[in-house]
Amino acid sequence: MNGFADTLLDWFDRHGRKDLPWQQDPTPYRVWVSEIMLQQTQVGTVIPYYQRFMDRFPTIDDLAEAELDEVLHCWTGLGYYARARNLHKTAALVANSGFPTDQAGLEALPGIGRSTAGAIRALAHAQHAVILDANVKRVLARFHAIVGHTAEARTLEQLWAHAERHTPARRTAEYTQAIMDLGAMLCTRGAPKCTECPLIDECTAYQTHRVGEFPHPRPKRVKPVRQARMYVITTPDGACLLEQRPNKGIWGGLWTPPERSAATTPDEICSEVGIHCDSVTESRIAPRFRHTFTHFHLDIEPYYLCLDAEPALIAEGGRWQWYRPGQNRPVGLSAPAVKLLATLDQFELS
DNA sequence: GACACGTGGCT
DNA sequence: TAGCCAAGTGT
């Protein structure tokens with residue numbers, strides 16, 4: 001007998017989400033892609049990306065045979081681009097050997113950790129497997145009034161133990177969806193709907209009037225600020241020079257205007273790119289844009305340059321490319337870069 | 001254990 | 001509004 005799971009399953013039958021795109025035809029491939037996209041990303045953000053991705057890569061073979069650039073292009077704007085690179089790598093890895101169905105085999109694949117492996121097993125294979133995502137963490141932290149923030153090893157250990165104890169061997173897929181739905185729909189971070197919660201009678205945090213205390217917040221940390229300059233170089237016909245970034249680091253593998261340290265001068269970047277400086281006129285310095293990430297702020301100062309004539313050049317080893325809106329679209333142009341270009345457009349530069 | 005990795009939602 | 005957080009994993 002498992003009161004926790006039975007209560008949750010009963011609630012799920014009446015209120016749970018059953019029409020999410022990846023719940024229709026939940027094959028291992030479709031569940032896997034959805035779980036990767038859903039890492040640190042909310043459902044509403046994922047849905048349009050998931051549908052476009054599945055239209056373009058209906059099977060794992062389609063994904064394995066595709067160029068990484070095209071996969072990154074589909075991912076542009078979703079963030080955490082290592083997920084896309086790992087997805088592509090994994091597709092190629094398992095194209096011949098087949099997709100593993102056991103915990104260890106799944107966890108050995110790039111981008112799949114303990115929780116994602118559990119989700120694939122539970123949701124796609126109806127196995128008795130356990131997940132621990134942010135929703136489950138929040139529900140369990142409140143239900144058991146668990147002390148400590150959820151990144152701490154000691155706290156994680158307790159959360160995993162509770163998660164394993166609660167997860168039933170029967171209807172595991174539905175239970176998995178149920179506890180995530182509870183976290184997303186009722187047991188939310190702010191203003192949880194406790195009076196609608198089926199677990200209200202057993203919830204330690206609620207019964208002791210301490211719902212607001214759990215889960216404990218992450219300790220504050222001062223975020224360093226990184227400054228950089230992004231050179232927006234355009235031609236008279238509206239093309240913009242892009243550089244493919246290294247796979248490591250921010251916006252890995254994506255195409256953005258060339259980014260250099262704030263100390264770099266326009267002359268230096270023109271010389272490096274191979275543009276003749278006498279054919280370039282500095283138009284103006286655009287406003288700064290600040291991107292806030294988990295552990296740092298990125299201050300980018302776009303530096304806008306306009307060429308007098310369209311140069312013949314560039315493409316040294318495929319690292320450079322001209323982006324022309326509406327044609328010859330580069331792959332993986334990052335959302336920040338798109339916004340940067342659009343915003344600069346509004347300033348009527350040139 | 002600490003940190004890197006993105007973008008958008010929420011208060 | 002500025003800060004916190006979200007269907008976590010890799011190094």
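A note on names: the letters A, B, ... follow the listed sequences, proteins ahead of strands, and every chain is numbered from 1. These figures come from a predicted structure and were not determined experimentally.
Base contact: A:Leu20 has a heavy atom under 4.0 Å from a base atom. In this structure, A:Ser34 reaches neither bases nor backbone, as no heavy-atom distance under 4.0 Å exists between it and the strands shown. In this structure, A:Lys223 reaches neither bases nor backbone, as no heavy-atom distance under 4.0 Å exists between it and the strands shown. Nucleic acid contact class of A:Trp22 (heavy atoms, under 4.0 Å, all strands): base. Counting non-hydrogen atoms under 4.0 angstrom, A:Thr294 reaches a base of the nucleic acid. If you check every strand for non-hydrogen atoms under 4.0 Å, A:Arg85 touches nothing. Residue contacts for A:Glu107: at a heavy-atom cut-off of 4.0 Å it reaches no nucleic acid atom on any strand shown. A:Gly183 comes within contact range of no nucleotide atom at all, as no heavy-atom separation falls under 4.0 Å. Among the protein residues, A:Arg290 comes within range of no part of the nucleic acid, since none of its heavy atoms lies under 4.0 Å from any strand. Nucleic acid contact class of A:Ile131 (heavy atoms, under 4.0 Å, all strands): none.
Inter-residue side-chain proximity for A:Phe53 and A:Val46 is flagged as unmet; no heavy-atom pair is nearer than 4.5 Å. Residues A:Ile250 and A:Phe293 are in side-chain contact: their nearest non-hydrogen atoms beyond the backbone lie under 4.5 Å apart.
Contact check, A:Lys339 against B:dG6: no side-chain N or O comes under 4.0 Å of OP1 or OP2. Between A:Arg138 and C:dA6 there is a side-chain N or O to OP1 or OP2 distance below 4.0 Å. For A:Arg226 and B:dC5, the shortest distance from a side-chain N or O to OP1 or OP2 is below 4.0 Å. Within the 4.0 Å cut-off from OP1 or OP2 of B:dC3, at least one side-chain nitrogen or oxygen of A:Arg221 is found.
Of the residues near DNA chain B, A:Pro224 and A:Gly77, the one whose nearest nucleotide (by heavy atom distance) lies more toward the 5' end is A:Pro224. In terms of position along DNA chain B, the nucleotide closest to A:Ala153 lies nearer the 5' end than the nucleotide closest to the other residue of the pair A:Phe293 and A:Ala153. For A:Lys220 and A:Thr116, each mapped to the nucleotide of DNA chain C holding its nearest heavy atom, the one lying further toward the 5' end belongs to A:Lys220.
Remark: aromatic rings of A:Trp22 and A:Tyr50 are close, center separation under 6.0 Å.
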Query - Step-by-step ring-ring contact (aromatic ring centres under 6.0 Å, His included) determination, A:Trp251 to A:His291 - result: CA-CA 12 Å; A:Trp251 304 321; A:His291 303 272; 5.4 Å; yes
Decide yes or no on salt bridge (charged side-chain N to carboxylate O under 4.0 Å, His left out) for A:Glu164 and A:Arg114, but give the supporting numbers first.
CA-CA 12 Å; A:Glu164 288 179 345; A:Arg114 184 173 178 182; 2.9 Å; yes
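Minimum heavy-atom separation, A:Ala163 to A:Leu132: CB-CD1, 4.3 Å. The minimum heavy-atom distance linking A:Leu340 with A:Met230 is given by the pair CD2-SD, 3.2 Å.
Side-chain atoms of A:Arg218 stay outside donor-acceptor range of the base of C:dC4, with no qualifying N/O pair under 3.5 Å. In this model, a side-chain donor or acceptor of A:Arg17 finds a partner on the base of C:dA7 within 3.5 Å.
Side-chain proximity of A:Ala134 to the nucleotides B:dG6, B:dA4, C:dG8 is greatest for C:dG8.
Rounded to whole Å, atom P of B:dT7 lies 7 Å from atom NE2 of A:His291. Between the CG atom of A:Leu132 and the P atom of C:dG8 there is a distance of 9 Å, given to the nearest Å. In this structure, A:Leu87 atom CG and C:dG8 atom P are separated by 16 Å, rounded to whole Å. Here the C1' atom of nucleotide B:dG6 and the CD1 atom of A:Ile300 are 12 Å apart, to the nearest Å. Summarising the geometry, the separation between CZ on A:Arg83 and P on B:dC5 is reported as 14 Å, rounded to the nearest angstrom.
Annotation: cation-pi geometry satisfied between A:Lys18 and A:Phe12 (NZ/CZ under 6.0 angstrom from ring centroid, within 45° of ring axis).
The same atom, P, is picked in B:dG8 and in C:dT9; the two are 22 Å apart, to the nearest Å. Distance noted for atom P between B:dC3 and C:dC5: 16 Å (whole Å).
DNA chain B is contacted by A:Gln40, A:Thr41, A:Gln42 of residues 37-55 of chain A, taking any non-hydrogen atom closer than 4.0 Å.
Among A:Ile269, A:Val273, A:Leu305, the one residue that satisfies the side-chain contact (heavy atoms from CB on, under 4.5 Å) test with A:Leu241 is A:Val273.
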